[in-house]
Amino acid sequence: MHRNDDVRFTSSSLKIPLFPPSTTTLPFFSQTKNSLSQLIDSLRTRSDSLSRTLHSAAGCFLGNSPLLCSASLSLTQSAKSAHSTILCSASLSLVQPGNESAVQSEPPTQQQKGQQPSLAAGRYDEERVLISEVLVRNKDGEEMERKDLEMEALAALKACRANSALTVREVQEDVHRIINSGYFSTCMPVAIDTRDGIRLVFQVEPNQEFHGLVCEGANVLPSKFVEDAFRDGYGKVVNIRRLDEVISSINGWYMERGLFGVVSDVEILSGGIIRLQVSEAEVNNISIRFLDRKTGEPTKGKTKPETILRQLTTKKGQVYSMLQGKRDVETVLTMGIMEDVSIIPQPAGDSGKVDLIMNVVERPSGGFSAGGGISSGITSGPLSGLIGSFAYSHRNVFGRNQKLNISLERGQIDSIFRINYTDPWIEGDDKRTSRTIMVQNSRTPGTLVHGNQPDNSSLTIGRVTAGIEFSRPIRPKWSGTAGLIFQHAGARDEKGNPIIKDFYSSPLTASGKPHDDMLLAKFESVYTGSGDHGSSMFVFNIEQGLPVLPEWLFFNRVNARARKGVEIGPVRLLLSLSGGHVVGNFSPHEAFAIGGTNSVRGYEEGAVGSGRSYAVGSGEISFPMLGPVEGVIFTDYGTDLGSGPTVPGDPAGARLKPGSGYGYGFGIRVDSPLGPLRLEYAFNDRQAKRFHFGVGHRN
């Protein structure tokens with residue numbers, strides 16, 4: 001708009017210190033809420049201090065020091081007239097601290113004492129003087145052109161009214177009220193003796209009209225924000241109270257965003273130009289300080305400082321943000337190698353900048369562990385599904401936050417030996433790409449697809465897998481994974497002998513050989529909402545078999561899962577849907593199995609069907625019961641979409657699996673250190689009933 005042509009923004013090379021010289025250290029910030037509130041209170045104190053300075057200046061910015069306002073009323077008698085005319089004069093003076101004596105009225109001379117003993121005594125004893133008329137005039141004593149300003153001054157008066165007896169203190173207080181209205185820079189009360197009595201005239205000088213703005217040092221403050229704040233005042237008399245509100249809103253803008261910034265100086269220049277000086281604390285340096293876990297004293301750390309520094313979004317030269325610092329603290333904690341993290345900002349000399357010191361306490365790097373769990377693939381036997389595990393992990397290899405995990409899991413039938421080496425952030429990459437190298441030898445039950453052998457025999461699927469995967473954030477809440485995986489898989493009987501057909505003469509491999517070999521190109525994209533189990537989630541996965549050699553399998557497999565949670569008061573509704581499809585020549589044991597604890601409850605694992613395609617939907621209503629216990633009501637439905645017979649050998653048809661089915665039931669869930677413990681009782685559409693027990697959330 002043309003009215004704002006005089007508004008301009010500059011970046012000042014002069015940096016006014018953000019903190020008082022007596023301040024040696026800043027309030028520290030860590031992941032605790034208390035330290036955050038301390039820092040915000042610190043900024044608020046500085047803002048309030050500035051406001052008090054503006055008000056004490058009585059409406060005019062004559063310097064950085066607060067000004068003191070006083071009014072004096074003197075009554076003298078003219079010696080030239082036999083009929084004494086009382087002359088009354090008053091003045092308003094603004095002085096800096098240290099010159100308080102200037103605001104004290106000079107004591108009357110000896111001659112004045114002799115002429116007016118009673119009036120002089122009244123001055124100091126707060127004797128009242130009768131006022132017949134109260135007027136507001138300009139500084140020259142003439143009528144004001146702006147009647148609206150005259151009315152503002154009259155409206156500010158409280159004690160001074162016509163036909164009232166006033167003391168000097170009451171007049172002085174009304175002088176302050178006129179100044180505090182915000183429209184006037186000076187105010188002088190003058191008493192004039194008239195035929196009708198003493199007339200009290202307040203001679204005022206309005207502030208300049210606002211015609212332009214200069215804002216210096218505001219590097220991150222949006223110019224539009226400042227323009228909008230001052231836009232309504234263009235062409236109007238500057239109101240100091242309104243100006244104070246604008247300054248508070250600017251300081252509030254910094255506080256809301258956790259930024260170290262404040263309006264440090266304000267001045268009204270000739271021509272109605274307002275100059276704002278904004279001080280923003282830029283980050284001068286960031287350093288890492290390791291603290292001992294037991295003593296809290298500085299020590300030598302195992303982690304390389306650059307490994308921590310590259311995790312930070314706060315960089316040198318930026319205006320320091322407490323909110324950004326909080327996110328950086330959380331990011332460093334999620335590395336998994338730190339026990340405690342905090343950030344302490346300190347002034348960098350007299351430069352107006354801040355130095356950041358990040359205190360970190362390292363966790364032990366690694367060690368051995370043992371535990372147990374439950375596998376959902378085994379559905380019979382006295383120790384059904386129980387597995388034991390033993391693992392060694394090192395979470396900070398070479399001090400670069402690289403992870404090494406070697407684990408062995410062993411159950412009645414299944415076993416997994418796995419070696420994983422992960423670099424969470426490849427050096428030199430600016431996209432936060434991670435790399436995982438994996439080698440695995442596993443043996444899992446084949447009951448999901450080829451179970452229910454009439455002779456009660458069982459078979460297992462052995463897989464030797466090796467591969468490499470790369471993952472990176474794609475956009476907020478989205479991540480992507482791409483990899484190349486080789487797999488050598490085949491079936492074995494109870495004695496460990498390779499087999500190529502089950503009891504029903506259904507093939508167990510696609511190649512007709514004891515083993516199938518495949519090289520898989522994998523891509524996966526994941527969306528996560530807030531990260532909670534009840535939040536939205538979407539996973540899309542595609543695998544492509546690459547026939548590098550003629551005998552290697554050539555197929556394409558697509559799989560997708562979606563979840564949506566809705567809070568309805570204390571009740572939570574969770575809806576989930578999954579589906580997939582396979583095209584090409586693939587191993588029968590890789591078919592999609594439907595039914596079981598993580599699929600359609602009320603059926604055994606894989607008892608609904610197995611096919612090239614599938615779709616499973618689920619709805620749950622959960623509600624709190626007592627403490628960590630919550631109740632749940634659920635219903636599931638799954639189908640192979642008629643694709644069961646297209647699986648080589650039709651293992652589902654040979655076992656008379658229905659191909660579709662539903663289940664419903666109720667259960668309880670208990671929060672535990674291992675994750676939610678789920679105990680559910682379900683009914684299916686074939687009037688069968690079944691208990692389901694699981695650890696963790698459903699897949």
Side-chain angles (χ1 to χ4, degrees), residues 58-60 67-95 100-207:
C60 58
L67 303 178
L68 303 177
C69 174
S70 69
S72 62
L73 179 68
S74 61
L75 303 177
T76 61
Q77 183 180 25
S78 172
K80 296 181 180 181
S81 175
H83 300 285
S84 300
T85 301
I86 299 177
L87 302 179
C88 177
S89 65
S91 63
L92 175 70
S93 59
L94 303 177
V95 299
E100 290 85 349
S101 60
V103 307
Q104 302 294 335
S105 302
E106 294 182 4
T109 63
Q110 193 66 32
Q111 182 182 3
Q112 291 171 332
K113 290 181 180 180
Q115 293 174 338
Q116 285 290 344
S118 62
L119 292 178
R123 174 186 175 191
Y124 293 103
D125 295 337
E126 298 295 329
E127 185 174 321
R128 293 184 177 275
V129 177
L130 182 63
I131 302 298
S132 63
E133 188 178 10
V134 178
L135 299 176
V136 174
R137 294 290 183 264
N138 64 18
K139 65 178 181 178
D140 298 322
E142 301 173 351
E143 287 194 17
M144 298 187 64
E145 297 180 1
R146 297 281 299 271
K147 294 301 180 182
D148 57 334
L149 294 179
E150 181 179 336
M151 296 305 297
E152 290 287 349
L154 289 173
L157 300 178
K158 182 178 180 181
C160 297
R161 295 285 188 269
N163 301 318
S164 60
L166 305 176
T167 65
V168 173
R169 180 178 299 278
E170 289 173 332
V171 174
Q172 180 179 357
E173 290 174 350
D174 272 351
V175 168
H176 280 291
R177 293 187 182 99
I178 292 176
I179 293 296
N180 288 337
S181 70
Y183 290 100
F184 308 98
S185 58
T186 63
C187 177
M188 177 178 292
V190 178
I192 302 175
D193 187 20
T194 68
R195 181 180 58 185
D196 298 327
I198 296 178
R199 175 188 298 158
L200 179 60
V201 179
F202 289 95
Q203 296 182 357
V204 298
E205 181 178 5
N207 294 324

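All of these numbers come straight from a predicted model, not from anything done at the bench.
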With sequence neighbours excluded, tell me which residues meet salt bridge (Lys or Arg N to Asp or Glu O under 4.0 Å) with R169. none
Do any pairs count as a salt bridge (Lys or Arg N to Asp or Glu O under 4.0 Å) and have a residue in residues 149-161, sequence neighbours left out, and if so which ones? K147-E150
Worked check of side-chain contact (heavy atoms from CB on, under 4.5 Å) between E170 and R128: CA-CA 10 Å; E170 289 173 332; R128 293 184 177 275; 2.9 Å; yes
How close do A159 and S164 get, counting heavy atoms only, and between which atoms? O-OG, 4.0 Å
Evaluation steps, side-chain contact (heavy atoms from CB on, under 4.5 Å), between I178 and V204: CA-CA 9 Å; I178 292 176; V204 298; 4.0 Å; yes
Minimum heavy-atom separation for S185 and P206, please, with both atom names. OG-O, 4.1 Å
Pairwise distance CG(D140) to CD(E205) - rounded to 0.5 angstrom: 9.0 Å
Could you check if a side-chain atom of M144 sits within less than 4.5 angstrom of a side-chain atom of L149, using non-hydrogen atoms only? yes
What distance do R146 atom CZ and Y183 atom OH have between them, rounded to the nearest 0.5 Å? 9.5 Å
Backbone N or O of G141 within a donor-acceptor pair of the N138 side chain at under 3.5 Å? yes
Counting only pairs under 3.5 Å, give me each side-chain donor-acceptor contact of residues 194-203, with atom names and distances, residues two or more places apart or in other chains.
unit_1	atom_1	unit_2	atom_2	d
T194	OG1	D196	N	3.4
T194	OG1	G197	N	3.3
T194	OG1	G197	O	2.5
R199	NE	E133	OE1	3.0

With rounding to the nearest 0.5 Å, note down the distance linking CG in L166 to CG in D174. 8.0 Å
When rounded to the nearest 0.5 angstrom, what is the spacing between CG in L135 and SG in C160? 12.0 Å
Could you give me the CA-CA distance, side-chain angles and deciding distance for N163 and I131, then say whether side-chain contact (heavy atoms from CB on, under 4.5 Å) is met? CA-CA 5 Å; N163 301 318; I131 302 298; over 6 Å; no
How far does SG of C187 sit from CD1 of I179, to the nearest 0.5 angstrom? 5.5 Å
I need the minimum non-hydrogen distance between A162 and S132, along with the two atoms involved. CB-O, 3.4 Å
